[in-house]
Amino acid sequence: MSMLADQNPKQVAPGTCIKIPLPADFHHHFRQGSLLPSTVAHASRRFVAALAMPNTSPPVTTVERCRAYRRDLEAALALAPEAVPGFEFISVLYLTDSTTEETVREMHREGIKGFKYYPAGATTNSDAGVTDVRNVYPLFKVMEELGMILCVHSEVARVEIDVFDREKVFIAEILRPLVKDCPKLKIVMEHISTSFGVDFILNEAPPSVYGSITPHHLLHNRNAILSQGLRPHFFCLPVLKRESHRVALLNAATGGSGRFIMGTDSAPHDTTKKLSACGCAGVFVGHAAVEFYVEAFESVGKLDELETFIEAGKKLYGVEDGGRVMCLEKRSWRVPETYPFGETGDVTPLRAGEDVTWTITGIE
Ligand SMILES: [Zn+2]
């Protein structure tokens with residue numbers, strides 16, 4: 001289903017092998033409980049590190065909950081036979097209106113990298129999110145001083161704002177003032193989905209502001225959801241946008257600026273929760289995320305820019321890879337219709353039943 005497949009003269013020949021620095025994923029929903037073994041297995045054989053999103057139920061709002069969640073994640077990792085040696089989880093806490101300065105300092109001592117800031121109600125399990133950003137401004141000042149990272153779901157959640165405009169409005173209402181008030185605060189605008197996000201980062205924000213980009217926002221536009229029938233497995237938040245925005249994101253990711261980073265937003269839901277009258281937002285890409293990024297970069301003849309994209313995030317988060325590389329070959333494999341998800345459920349992956357054109361062959 002890759003819209004890029006047939007129209008591109010820049011693709012390399014089948015059988016071509018490439019080596020890339022070990023990738024790390026700075027936005028991954030591992031979920032919790034019995035769902036962890038499958039999500040952790042997929043991610044840990046592709047990445048040297050992955051940031052575990054804290055919007056579990058209940059959310060990871062304290063250092064103590066973070067420790068408990070890490071124990072669960074590590075237990076699942078111990079069951080993952082193909083994990084990259086040295087794979088590590090990166091932790092952030094879920095920011096709420098009542099988070100205290102004491103918690104920020106405790107996090108710093110514990111090695112927790114920062115916070116995830118969800119505007120209340122913006123996406124899955126975000127009801128405990130921040131209701132007014134001014135409530136947490138004093139914490140941002142402490143984070144700025146300690147060099148911590150603020151991961152931002154950059155969409156307003158107000159129902160009266162058109163769902164396709166929410167990133168643009170968030171930049172105007174929240175981010176523009178925030179970067180003026182905290183110009184040294186390290187901010188990652190996560191899963192940017194529009195040219196407005198790209199332009200803000202490249203032309204307006206201070207150098208401490210980065211953007212993460214998902215593979216599905218690089219490979220697909222909103223036609224994937226809405227043309228040729230309603231396709232709920234392409235529905236995520238931020239929702240896929242029109243083609244001009246996809247092209248802007250692809251140019252940003254492959255442009256070599258060092259301001260854009262990997263962040264898959266792999267967000268599995270049980271298939272029954274996607275195929276519903278009120279389906280959940282989230283695309284599961286954890287089964288082939290690195291392969292999808294390689295396809296996206298190949299589509300514009302920019303495989304040589306993958307290194308900058310991979311390394312920018314690792315530098316920001318301080319991820320070490322021991323100088324190792326990942327080897328991939330241009331050789332197709334078929335994605336199953338579903339993967340097991342928890343004890344009895346299943347998850348429908350991106351490109352279910354279709355081919356992925358790159359295969360991971362090893363790590364050196
Ligand atoms: Zn997410």
Side-chain angles (χ1 to χ4, degrees), residues 23-32 35-36 39-40 42-43 46-47 49-61 66 69 73 89-96 113-130 149-157 163 166-167 170 174 187-194 197 210-220 225 232-241 249 253 260-270 273-274 279-289 292-293 313 317 341 347-350:
D25 180 3
F26 299 100
H27 187 135
H28 204 103
H29 297 275
F30 287 104
R31 306 306 186 202
Q32 59 202 108
L35 305 180
L36 289 179
T39 56
V40 169
H42 287 296
R46 290 184 166 74
F47 296 103
L51 191 155
M53 276 291 133
N55 63 332
T56 48
S57 182
V60 182
T61 51
C66 184
Y69 188 40
L73 290 165
F89 295 101
I90 300 167
S91 296
V92 295
L93 291 197
Y94 186 113
L95 186 62
T96 73
K113 296 289 180 182
F115 282 104
K116 177 64 186 264
Y117 160 31
Y118 291 100
T123 188
T124 304
N125 293 345
S126 65
D127 294 342
V130 174
I149 299 168
L150 183 68
C151 307
V152 183
H153 183 108
S154 306
E155 290 191 296
V156 290
V163 72
R166 289 179 179 186
E167 185 169 291
F170 187 89
I174 309 289
I187 295 173
V188 179
M189 287 180 69
E190 301 209 295
H191 43 53
I192 57 170
S193 62
T194 65
Y210 297 77
S212 71
I213 308 181
T214 78
H216 37 295
H217 286 91
L218 292 176
L219 290 170
H220 298 285
I225 317 171
H233 297 303
F234 285 96
F235 173 58
C236 57
L237 290 173
V239 70
L240 298 173
K241 305 297 193 302
L249 296 170
F260 299 98
I261 69 174
M262 274 191 177
T264 66
D265 198 11
S266 182
H269 291 282
D270 193 278
K273 292 191 174 165
K274 294 289 290 179
C280 291
V283 173
F284 177 56
V285 291
H287 65 298
F292 289 141
Y293 279 122
Y317 280 90
F341 191 52
V347 58
T348 303
L350 186 67

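Index from 1, following the sequence. Only heavy atoms go into these numbers, but all of them, side chains included; no hydrogens, no water, no symmetry mates. Ligands are counted one by one from 1 in listed order, and the atoms in each one are counted from 1 as well. The shown structure was predicted, so the numbers you read here are calculated from the model rather than taken from an experiment.
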Thr96, Ile174, Ile187 screened by side chain to side chain contact (heavy atoms under 4.5 Å, CB included) with Tyr117, the one that passes: Ile174

All side-chain contact (heavy atoms from CB on, under 4.5 Å) counterparts of Ala52, not counting sequence neighbours: Phe30, Tyr69, Leu73

Partners passing side-chain contact (heavy atoms from CB on, under 4.5 Å) against Ala288 (at least two apart in sequence or in another chain): Glu291, Phe292, Trp333, Val356

Atoms of type N/O/S from protein, distance to the Zn ion (ligand 1) below 2.8 Å: 3

Counterpart residues, side-chain contact (heavy atoms from CB on, under 4.5 Å), relative to Pro59 (two or more places apart): Thr61, Tyr94, Ala128

Heavy-atom side-chain proximity of Arg31 to His269 below 4.5 angstrom: yes

Flag for Ser193-Glu167: side-chain donor and acceptor within less than 3.5 Å: yes

